[in-house]
Amino acid sequence: MDYLKRAGELYEETVANRRWLHQNPEISMDLPNTSSFIWKKLTEMGYAPKRCGGDGIVATVGKAGGKTILLRSDMDALPMGEESGLPFASTCGAAHTCGHDCNAAQLLTAAKLLKKNETALSGMVKLVFQPGEETFLGAKAMIADGLLEDPKPDAALSFHVTSGQTPPSVFIYNATGTMMNSVDGFRIRVQGKGAHGAYPERSVDPINIAVHIYLALESIVAREITSTQASVMTVGLFKAGDA
């Protein structure tokens with residue numbers, strides 16, 4: 001099979017899948033409609049999908065005895081409104097602003113191509129549709145549910161979409177180093193002591209302390225990480241009371 005030619009022939013189907021997913025976003029680990037849509041599509045292709053890690057889905061194609069490669073897509077959206085004005089825009093208060101609708105649609109097309117050519121495969125491909133990427137919960141849940149066993153993958157490939165870094169339709173793969181960083185979330189809670197705003201000396205001001213912590217965190221990448229190692233430090237949320 002000429003995979004590239006056949007993928008081009010499935011372009012309209014890929015776009016239709018992506019637009020349905022885009023118009024019906026769900027967030028974190030609660031993806032009943034998204035999961036049902038992908039499950040139905042895989043079943044129609046001849047797969048026998050399985051649940052994994054809640055609303056996560058796993059399906060395999062090929063034959064046992066050879067190598068196993070895992071292809072993974074995420075499928076959750078973000079809790080934010082969409083202002084694109086597109087005819088297929090989301091109107092439910094969530095939005096696929098991180099491209100997971102693209103990833104899931106691409107993997108559905110790959111699944112169709114692989115199933116059509118299953119007899120020619122010398123090993124097995126494990127297809128993974130993961131919930132909860134944005135909340136750091138989905139991969140943990142799927143791994144705890146046996147994702148990396150039976151069969152155990154020999155290699156894995158994941159998708160991510162970005163904007164502003166490359167021209168459209170450019171695919172980037174780095175075989176020698178870091179392509180994108182993994183994530184480790186953190187939370188710091190500072191407990192102070194209140195006082196009247198006119199007498200700050202009577203307080204232990206948690207805002208002043210937290211601001212200094214924030215500024216100090218910025219020096220971790222500059223002074224604690226070697227310059228040849230890819231590293232990013234981001235504080236995405238800062239709350240300091242309501243009085």
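Note that the numbering runs from 1 along the sequence shown for the chain.
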Taking the side chain as everything from C-beta on, heavy atoms only, tell me whether [X] gets closer than 4.5 Å to [Y].
X: Lys116; Y: Met1; value: yes
X: Met142; Y: Gln130; value: yes
X: Ser122; Y: Lys67; value: no
X: Thr60; Y: Val125; value: no
X: Asp76; Y: Ile27; value: no
X: Asp205; Y: Ile209; value: no
X: Ile69; Y: Asp154; value: no
X: Arg72; Y: Leu157; value: no

Report summary line: Here the salt bridge (charged side-chain N to carboxylate O under 4.0 Å, His left out) pairs for residues 11-20, sequence neighbours left out, are Glu13-Lys112, Arg18-Asp101
Query raised in the report: Restricting to pairs with a member in residues 118-142, which pass salt bridge (charged side-chain N to carboxylate O under 4.0 Å, His left out), not counting sequence neighbours?
Result: Lys115-Glu118
Without swapping roles, check the side chain of [X] against the backbone of [Y] for a donor-acceptor pair under 3.5 Å.
X: Ser73; Y: Ala104; value: yes
X: Asp2; Y: Lys5; value: yes
X: Asn24; Y: Trp20; value: yes

**Report entry** Test side-chain contact (heavy atoms from CB on, under 4.5 Å) applied to Ala195 - qualifying residues, sequence neighbours left out
**Finding:** Arg202, Ser203
Table please: side-chain donor-acceptor pairs of residues 225-241 below 3.5 Å, with sequence neighbours left out.
residue, atom, partner, partner atom, Å
Thr226, OG1, Thr228, OG1, 3.4

Let me have the donor-acceptor pairs involving side chains of residues 79-93, under 3.5 Å, with sequence neighbours excluded, atom names and distances please.
residue, atom, partner, partner atom, Å
Glu82, OE1, His22, NE2, 3.0
Glu82, OE1, Ser90, N, 2.9
Glu82, OE2, His22, NE2, 2.9
Glu82, OE2, Ser84, OG, 2.5
Ser84, OG, Leu86, N, 3.3
Ser90, OG, Cys92, N, 3.4
Ser90, OG, Ala94, O, 2.5

Query raised in the report: Are Leu71 and Ile57 connected, step by step, through hydrophobic side chains (Ile, Leu, Val, Met, Phe, Trp, Tyr) whose heavy atoms are closer than 4.5 Å?
Result: yes
Requested in this report: Please step through side chain to side chain contact (heavy atoms under 4.5 Å, CB included) for the pair Val58 and Tyr47, ending with a clear verdict.
Outcome: CA-CA 10 Å; Val58 176; Tyr47 284 93; over 6 Å; no
Report task. Could you walk me through whether Leu108 and Phe129 pass the side chain to side chain contact (heavy atoms under 4.5 Å, CB included) test, one step at a time? Result -> CA-CA 9 Å; Leu108 280 174; Phe129 294 85; 4.0 Å; yes
**Report entry** Leu127 vs Leu70, side chain to side chain contact (heavy atoms under 4.5 Å, CB included): CA-CA, chis, key distance, verdict
**Finding:** CA-CA 6 Å; Leu127 307 169; Leu70 184 151; over 6 Å; no
Just distance, no hydrogens or angles: give the donor-acceptor pairs under 3.5 Å from side chains in residues 28-46, sequence neighbours left out.
residue, atom, partner, partner atom, Å
Ser28, OG, Thr135, OG1, 3.1
Asn33, ND2, Glu26, OE2, 3.3
Thr34, OG1, Glu26, OE1, 2.8
Ser35, OG, Arg51, NH1, 2.1
Ser35, OG, Asp55, O, 3.1
Ser36, OG, Pro32, O, 2.8
Lys40, NZ, Glu44, OE2, 2.5
Thr43, OG1, Trp39, O, 2.8

